[in-house]
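Everything below concerns the one structure shown next.
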6 protein chains.
Amino acid sequence: MPVIKIEMFEGRTVEQKRACAAAVTQAFIDTCGGTPQSVHVVFQDVARHDWAVAGRLASDPKPE
Amino acid sequence: MPVIKIEMFEGRTVEQKRACAAAVTQAFIDTCGGTPQSVHVVFQDVARHDWAVAGRLASDPKPE
Amino acid sequence: MPVIKIEMFEGRTVEQKRACAAAVTQAFIDTCGGTPQSVHVVFQDVARHDWAVAGRLASDPKPE
Amino acid sequence: MPVIKIEMFEGRTVEQKRACAAAVTQAFIDTCGGTPQSVHVVFQDVARHDWAVAGRLASDPKPE
Amino acid sequence: MPVIKIEMFEGRTVEQKRACAAAVTQAFIDTCGGTPQSVHVVFQDVARHDWAVAGRLASDPKPE
Amino acid sequence: MPVIKIEMFEGRTVEQKRACAAAVTQAFIDTCGGTPQSVHVVFQDVARHDWAVAGRLASDPKPE
């Protein structure tokens, strides 16, 4: 209440996630109200070979 | 890349969502890097009778 | 912590959701531990024309 | 097994979803194996004011 | 039909998941109807450094 | 826009995912329109002990 799920490429450090969770929680509270205690942020790392855009895996080289 | 999914109680206005999307995107970029163009924010409104905490629907009165 | 998301066909009543949230929360606590206060249950109704099995929408008649 | 969740802008017709579910199910089977009966496809329509890219709601006019 | 997704802190054993899946499936059937064969339960373990409440990672010490 | 999330048993190779992402993206475009560049496909591998049907983990032997 709310739950904020962040799916992103793997590679961010715990320090980045720590800062991100704090900043995103504050951004939500500032704009949508509520209390910090109610805000859940869940990170999900995704490998580059598990994410495709335009039908091409992000781990594959871009076509020239 | 990333996709930020925000599930929250229904009732926020489009103006709040507009401000939230901008603030959350900036919060992500500031802490995790990347470009704004890569950040997707998706809102999903949830009715109070569709969210339970401690086994009690949020639409039900709290026990005394 | 945990978040239990239940996607199901639309049509269940609030009374069914109320009973389901209570029962599922208890089932989780009984088997995985934790406190009821930490358990979130979120229902998401899905229309039959938005759910397909074997490539056929659930709103379509089954082949003979 | 698998569950394929498709989040997209609202506006597609049931006919489009019917064709999409069939085509996506076939695409999965052709490349990853398994049986059609095991493939679930779930559509979730998202309003344009609930989806932001680069911090801007898709319902808002693009900056010049 | 339904799909029940359980996101929780990592650390539960397979035995706990086995018992939880059975209990949650029964809880759903008892309250919402349907057949056991139609119920899917999917567990997703989340590391404590990937879950924040009130902007603080669950892996970090609580403030005094 | 859209985001297509594919949850499936672990074990598919990167080659299978590469072919699947291309085929599913094409299937979506052919039936729902849009441009390939707008289609995101995200794979999430699920261990057999994290997926239950009919209250039984997929890693457990089927009852006779």
Side-chain angles (χ1 to χ4, degrees), chain E, chain F:
Chain E
M1 304 185 297
V3 174
I4 301 176
K5 182 88 171 280
I6 301 179
E7 296 181 296
M8 59 184 181
F9 284 145
E10 60 187 5
R12 268 75 177 211
T13 64
V14 172
E15 285 70 25
Q16 285 178 299
K17 290 177 179 178
R18 181 179 292 117
C20 183
V24 164
T25 298
Q26 191 62 48
F28 183 86
I29 297 293
D30 288 345
T31 56
C32 289
T35 64
Q37 285 73 16
S38 68
V39 182
H40 290 245
V41 176
V42 182
F43 294 102
Q44 185 172 353
D45 292 341
V46 179
R48 286 179 175 271
H49 63 256
D50 280 331
W51 201 312
V53 178
R56 191 181 55 78
L57 300 182
S59 55
D60 287 345
K62 288 194 180 179
E64 309 238 347
Chain F
M1 304 182 296
V3 174
I4 301 175
K5 182 87 171 282
I6 302 180
E7 296 180 295
M8 60 184 182
F9 284 145
E10 60 187 4
R12 268 75 177 211
T13 65
V14 172
E15 285 69 25
Q16 284 179 300
K17 291 177 178 177
R18 181 179 291 118
C20 183
V24 164
T25 298
Q26 191 62 48
F28 182 85
I29 297 293
D30 288 346
T31 55
C32 290
T35 64
Q37 285 72 18
S38 68
V39 181
H40 290 245
V41 176
V42 181
F43 295 102
Q44 185 171 350
D45 292 342
V46 179
R48 286 180 174 270
H49 63 255
D50 280 331
W51 201 314
V53 179
R56 192 180 56 78
L57 299 182
S59 54
D60 288 346
K62 290 194 180 178
E64 308 239 350

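In what follows, every heavy atom counts, from backbone to side chain, and hydrogens, waters and symmetry copies are set aside. Every chain is numbered from 1, with letters handed out A, B, ... down the list of sequences.
- Applying a 4.5 Å heavy-atom cutoff, the residues of residues 20-30 of chain E that approach chain F are E:Ala21, E:Ala22, E:Thr25.
- Counting heavy atoms from C-beta outward, F:His49 and E:Arg18 have side chains that stay 4.5 Å or more apart.
- Nearest heavy atom pair, residue E:Arg12 against residue E:Gln16, reads CA-OE1, 3.2 Å.
- When all heavy atoms are compared, the tightest approach of F:Lys17 to F:Phe43 is O-CZ, 3.4 Å.
- Using a 4.5 Å heavy-atom cutoff, the side chains of F:Asp50 and E:Gln44 are not in contact.
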Q: Show the numbers, then the answer: is there a side chain to side chain contact (heavy atoms under 4.5 Å, CB included) between F:Val46 and F:Glu10?
A: CA-CA 5 Å; F:Val46 179; F:Glu10 60 187 4; over 6 Å; no
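- In terms of heavy-atom proximity, F:Glu7 sits nearest to F:Trp51 at O-CH2, 3.6 Å.
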